Amino acid sequence: MKFKLLLCFIVLLTYYQGEAQTRAKGLEEKVQQLTDLTAKKSIISLNMNKFKEYVKSPPRDYSFIIMFTAMAPARRCAICQHVYDEYLIVANSFRYSPAYNNKLFFGMVDFDEGSEIFQMLRLNTAPVIMHFPAKGKPKPADSMDFERTGIHAEAIAKWIQDRTDVQVRVFRPPNYSGAVAFIMLFTLVGGFLYLRRNNLEFLYNKQMWAVAAVFFCFAMVSGQMWNQIRGPPFFHRTKNGPVYINGGSHGQFVLESYIVAILNGAVVVGMILMIEAAGGVRGSEQRLQEGKRRRFQSVIGLVLVCVFFSLLLSVFRAKTQGYPYSFLFK
């Protein structure tokens, strides 16, 4: 009896040893295959078979960052290309950095090549960036929230560090367009001042500086600085047509900031027309003789303020769900 128990124990031990060696060999082969694929291209294109083999099936001791997208022109996803460009920068930065290791890989699933994967994960939108940890299933925090973090490469790298503890230092390809534009602007301004060097009285024109200050305020209030920091797309294309207003309160499109700036400008013009129609401090006697023109001017100013301020409230209401107030438009 004891001999039989000992024999069974030896058989089980041999079996588990062989199983462990097989799993270790399988893991080593998978990691080597992924490393070879990454050497060819920083982002691994995944279909259903590769997704099951490298992402879903054990053994696995590595994390996978996967972007789910729809790059085909027929899908009309303008933001997908922009997010992919930033995602590619992060993948290339990690691939060619000294911190590169085989514990983190980058992949991409296109809807036209992996619609079954979208259905498996119950994804009905794109783009989506998800983290598949080495152990366990993805949690809600393993899906990147673009509205809260932004879509630029630095935000993606920071999110990856939060999920995997792997620090990716972003290296962007050199872009000299900003420096060239600044040099051209500096040259034009310098040349203009040189040609007008004998008559620089326009620099003391208060109205010119006032208009410049107002335009600067419009740019800042509309969110141009946020655009420079976060790098949002110009607008978003959907199956139902283009979308110009971002539905979330933590994001916006570039065109949306232009729309807000124009609405603010129209409200300011209306206020100025009403103030001018009221007469101001000086010239009140002369303005009293122009009653009809002043009344017409005040009505135009009032209409501009009411209409465009109502549109401004409508934009704010569209971005802030549950906002209870509206003026003319809902």
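A quick note: this is a predicted structure, and the numbers were derived from the prediction, not measured.
The shortest non-hydrogen separation linking C80 to P127 is SG-CD, 3.8 Å. In this structure, L273 and I300 approach most closely via the heavy-atom pair CD1-CG2, 3.9 Å. Of all heavy-atom pairs between V128 and T125, the closest is CG2-O, 3.7 Å. Of all heavy-atom pairs between R60 and Y54, the closest is CD-O, 3.2 Å. Contact detail for S63 and P133: the closest heavy-atom pair is OG-CA, 4.1 Å. Annotation for L46 and I117: closest pair O-CD1, 4.5 Å, computed over non-hydrogen atoms.
Using a 4.5 Å heavy-atom cutoff, the side chains of V305 and M271 are in contact. By the 4.5 Å heavy-atom criterion applied to side chains, I129 and I156 are counted as neighbours. With a 4.5 Å cut-off on side-chain heavy atoms, I89 and D85 do not count as touching. Using a 4.5 Å heavy-atom threshold, the side chains of I272 and V268 count as touching. Taking the side chain as every heavy atom from C-beta outward, F51 and L121 approach each other to under 4.5 Å. Between L34 and F64, the closest side-chain pair of non-hydrogen atoms falls below 4.5 Å.
When hydrophobic clusters are built by joining Ile, Leu, Val, Met, Phe, Trp and Tyr residues whose side-chain heavy atoms come closer than 4.5 Å, directly or via intermediates, V260 is grouped together with V307. In terms of hydrophobic clustering, with Ile, Leu, Val, Met, Phe, Trp and Tyr side chains grouped at heavy-atom distances under 4.5 Å, F132 and F118 are assigned to a common cluster. Note: the hydrophobic cluster containing F309 does not contain I262 (ILVMFWY, side chain heavy atoms under 4.5 Å, direct or indirect links). Linking ILVMFWY side-chain heavy atoms closer than 4.5 Å, directly or via other members, places M120 and L123 in a single hydrophobic cluster. Side-chain heavy atoms closer than 4.5 Å link hydrophobic residues (I, L, V, M, F, W, Y) into clusters, and following such links, even through other members, never connects V211 to I275.
The 12-atom threshold is not exceeded at CZ of F216, counting heavy atoms of other residues, nucleotides or ligands nearer than 6.0 Å.
Partners of Q32 by side-chain hydrogen bond (donor to acceptor under 3.5 Å, both in side chains), not counting sequence neighbours, listed by chain and number: D36. Remark: S42 pairs with N92 by the side-chain hydrogen bond (donor to acceptor under 3.5 Å, both in side chains) rule, at least two apart or across chains. Here Y84 pairs with nothing under the ring pair (Phe, Tyr, Trp, His ring centres under 6.0 Å) rule; sequence neighbours left out. Taking Y62 as the reference, nothing meets the side-chain hydrogen bond (donor to acceptor under 3.5 Å, both in side chains) condition, with sequence neighbours excluded.
Test E53, E113, K56, E116 against M48 for side chain to side chain contact (heavy atoms under 4.5 Å, CB included) and you get one pass: E116.
For the atom pair I66 CD1 and I43 CD1, the distance stands at 11.5 Å (nearest 0.5 Å). Between H152 atom NE2 and E86 atom CD the span is 8.0 Å, to the nearest 0.5 Å. Between I79 atom CD1 and T69 atom OG1 the span is 9.5 Å, to the nearest 0.5 Å. Here the OG atom belonging to S143 is positioned 4.0 Å from the CE atom belonging to M130, to the nearest 0.5 angstrom.
For the salt bridge (Lys or Arg N to Asp or Glu O under 4.0 Å) condition, the pairs that include at least one residue of residues 152-168, sequence neighbours left out, are D142-R163, E154-R172, K158-D162.
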Residues 96-112, side-chain donor-acceptor partners within the protein, below 3.5 Å, at least two apart:
unit_1, atom_1, unit_2, atom_2, d
S97, OG, S93, O, 3.4
S97, OG, F94, O, 3.0
N101, OD1, K103, N, 2.9
N101, ND2, A99, O, 3.2
K103, NZ, D61, OD2, 2.8
D110, OD1, D112, N, 3.0
D110, OD2, M71, N, 2.9
D112, OD1, R75, NE, 3.1
D112, OD1, R75, NH2, 2.6

Could you walk me through whether F308 and V269 pass the side chain to side chain contact (heavy atoms under 4.5 Å, CB included) test, one step at a time?
CA-CA 10 Å; F308 288 99; V269 169; over 6 Å; no
Is there a side chain to side chain contact (heavy atoms under 4.5 Å, CB included) between V267 and L263 once you walk through the steps?
CA-CA 6 Å; V267 172; L263 294 178; 5.7 Å; no
May I have the step-by-step check of side chain to side chain contact (heavy atoms under 4.5 Å, CB included) for H131 and I160, ending in yes or no?
CA-CA 8 Å; H131 165 238; I160 292 174; over 6 Å; no
